[in-house]
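Report on the structure given below.
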Amino acid sequence: MPTTCMPQQLLPETTKRKKDRIVVDEEIIIIIIIIIIIIIKSKDREVSSFNSQVIVKEEMGNRFTCMTKKETKDVGSRSKRIGRSQRKLVAEEDLHLQALSMALQQHQLSQRFEGSMSRRIGSTSSRRRNLSDSFSANKQVQVPEILENIKVKKFILIHGEGFGAWCWYKTVALLEESGLLPVALDLAGSGIDLTDANSVTTLAEYSKPLTDYLVNLPDDEKVILIGHSIGGACISYALEHYSQKISKAIFLCATMVTDGQRPFDVFAEELGSAEHFVKESKFLIHGNGKEKPPTGFMFGKEQMKGLYFNQSPSKDVALAMVSMRSSPLGPIMEKLSLSPNKYGSTRRFYIQTLDDRALSPDVQEKLVRENPPEGVFKIKGSDHCPFFSKPQSLHKILVEIAQIP
């Protein structure tokens, strides 16, 4: 018998009479539980350690929920503690109602477009078997097929200002599952690199972890570079000096500058002129003393949330808030020297993010127009950090670019 569901307008929160019975199958129950956990956990300000074992579950396209095994065991005890207070109990009931409403809406959509849940997924055992078979098929058929069309399998992931290799954790996992070889690097003074960011004054110094990696590559090996945000300047620098080691370069909502341009100039629309920023910005860091020129910058938490993470999951935002470091100022104020026979001879691709507040779609379009790459791809609904907000969409584009002959 097909699963039935009452229309949303017949489910007012205040009514006590419910003449129709809502039948919710196993999948909807799972959705409800997950949504409740998301809402409750979003109230907490705790951030799990990297050393914990994390279970990652992707819901509705590109939305991730990260939860440690310990947390899953603690949910029940937390609910009991909430029940001790009448005020907290009311709040919890409200959360349950919200979660139920969201789950039922999702259920209605699935019925509208794909038929009833019972017809679509069958029994629990059948569903598990189908999922297992599909996973095995992906492993045995799709992955080798993808790899056959990809000549260069090694991806070097370069983060943007303030970030570190940690920000690529979803992308690394997805690429590895596809049989590819991702390597996420920390730039100088970033992530867990021990360099004092205040001592990094040039783009060459900032990019040294990347250039060192390229220098040590075997002569017959090439890589695909991916640069995010200011990381685009680093891969531009690498293209100019190590073009023979680079198969393709992918600029991810990044500073794809032209010859003689500063990386900072790309952000002038949001931050003002470089001269004004250096003199007036409250986000500057004077590592050598107030009387000396600024050495770095770091936005406040609210500014970062507004600029970078307007579409990112709350847990990824929390991770970023405790992981981001100040950025050296010198490298982004340096004018790049890019030649037609080196930088200009390389294969460049650009990925635009269409809900980006740090580097607006208009600015990204201008970059592409003034310095045309070989190909342009767009991610709808992504903020400045698609590795958080749209990891699956980003992954598909990366694989697609890698497959281009």
Contact summary for [X] and [Y], nearest pair of heavy atoms:
X	Y	value
Pro209	Leu185	O-CD1, 3.9 Å
Met324	Met304	SD-SD, 3.5 Å
Phe251	Leu239	CZ-CD1, 4.2 Å
Ala165	His159	N-CD2, 3.9 Å
Pro263	Pro331	CG-O, 4.0 Å
Ile158	Cys234	CG2-CB, 4.3 Å

Could you please spell out the steps behind the side chain to side chain contact (heavy atoms under 4.5 Å, CB included) verdict for Trp168 and His228?
CA-CA 10 Å; Trp168 297 104; His228 171 244; 3.9 Å; yes
Does the side chain of [Y] come within less than 4.5 Å of [X]'s, by heavy atoms?
X	Y	result
Pro328	Phe297	no
Pro361	Gln352	no
Arg262	Val257	no
Leu210	Leu225	yes
Tyr350	Arg348	no
His395	Leu175	yes
Thr171	Leu394	yes
Phe387	Leu252	yes

Checking side-chain polar atoms at under 3.5 Å, does [X] have a donor or acceptor matched by the opposite partner on [Y]?
X	Y	result
Asn371	Thr258	no
Thr195	Asp193	yes
Glu240	Ser337	no
Asp355	Ser382	no

So, do Phe283 and Phe299 have ring centers that fall under 6.0 Å from each other?
yes
Hey, what do you get for [atom1] ([X]) to [atom2] ([Y]), rounding to the nearest 0.5 Å?
X	Y	atom1	atom2	value
Thr295	Ile285	OG1	CD1	6.5 Å
Glu161	Ser190	CD	OG	10.0 Å
Phe155	Leu398	CZ	CG	6.0 Å
Lys335	Met333	NZ	CE	12.0 Å
Ile226	Leu157	CD1	CG	4.5 Å
Gln311	Thr353	CD	OG1	11.0 Å

Of all pairs that satisfy side-chain hydrogen bond (donor to acceptor under 3.5 Å, both in side chains), the ones with a partner from residues 243-257, not counting sequence neighbours
none
For residues 198-220, which residue pairs pass the salt bridge (Lys or Arg N to Asp or Glu O under 4.0 Å) check, not counting sequence neighbours?
Lys208-Asp212
Decide, yes or no, whether a salt bridge links Lys154 with Glu221 under the criterion of side-chain N to carboxylate O below 4.0 Å.
yes
Ion pair Lys170/Asp316, N-O distance below 4.0 Å
yes
More than 12 heavy atoms of other residues, nucleotides or ligands under 6.0 Å from NZ of Lys342: is that the case?
no
Apply side-chain hydrogen bond (donor to acceptor under 3.5 Å, both in side chains) to residues Asp196 and Ser199 and explain how you reach the verdict.
CA-CA 6 Å; Asp196 180 4; Ser199 68; 5.1 Å; no
Does the pair Cys385 and Phe163 meet the rule for a side chain to side chain contact (heavy atoms under 4.5 Å, CB included), with working shown?
CA-CA 10 Å; Cys385 299; Phe163 293 86; 3.6 Å; yes
Mind telling me whether Tyr308 and His384 have parallel, tilted or perpendicular rings, with 30° and 60° as the class edges?
parallel
Can you say whether the rings of Phe388 and Tyr169 are parallel (under 30°), tilted (30 to 60°) or perpendicular (over 60°)?
tilted
From CA spacing to verdict: side chain to side chain contact (heavy atoms under 4.5 Å, CB included), Phe377, Glu400
CA-CA 10 Å; Phe377 299 80; Glu400 184 176 345; 3.6 Å; yes
Give a yes or no on whether the backbone of [Y] and the side-chain of [X] come within a donor-acceptor separation of less than 3.5 Å.
X	Y	value
His286	Lys292	yes
Arg325	Gly189	yes
Thr346	Tyr343	yes
Gln364	Leu359	yes

Please lay out, stage by stage, how Ile351 and Lys378 fare under the test side chain to side chain contact (heavy atoms under 4.5 Å, CB included).
CA-CA 6 Å; Ile351 302 176; Lys378 300 182 179 183; over 6 Å; no
Can you list everything that forms a side-chain contact (heavy atoms from CB on, under 4.5 Å) with Glu374? Sequence neighbours excluded, please.
Arg347, Phe349, Ile404
Can Asp362 and Ser360 be said to form a side-chain hydrogen bond (donor to acceptor under 3.5 Å, both in side chains), step by step?
CA-CA 5 Å; Asp362 289 341; Ser360 71; 5.1 Å; no
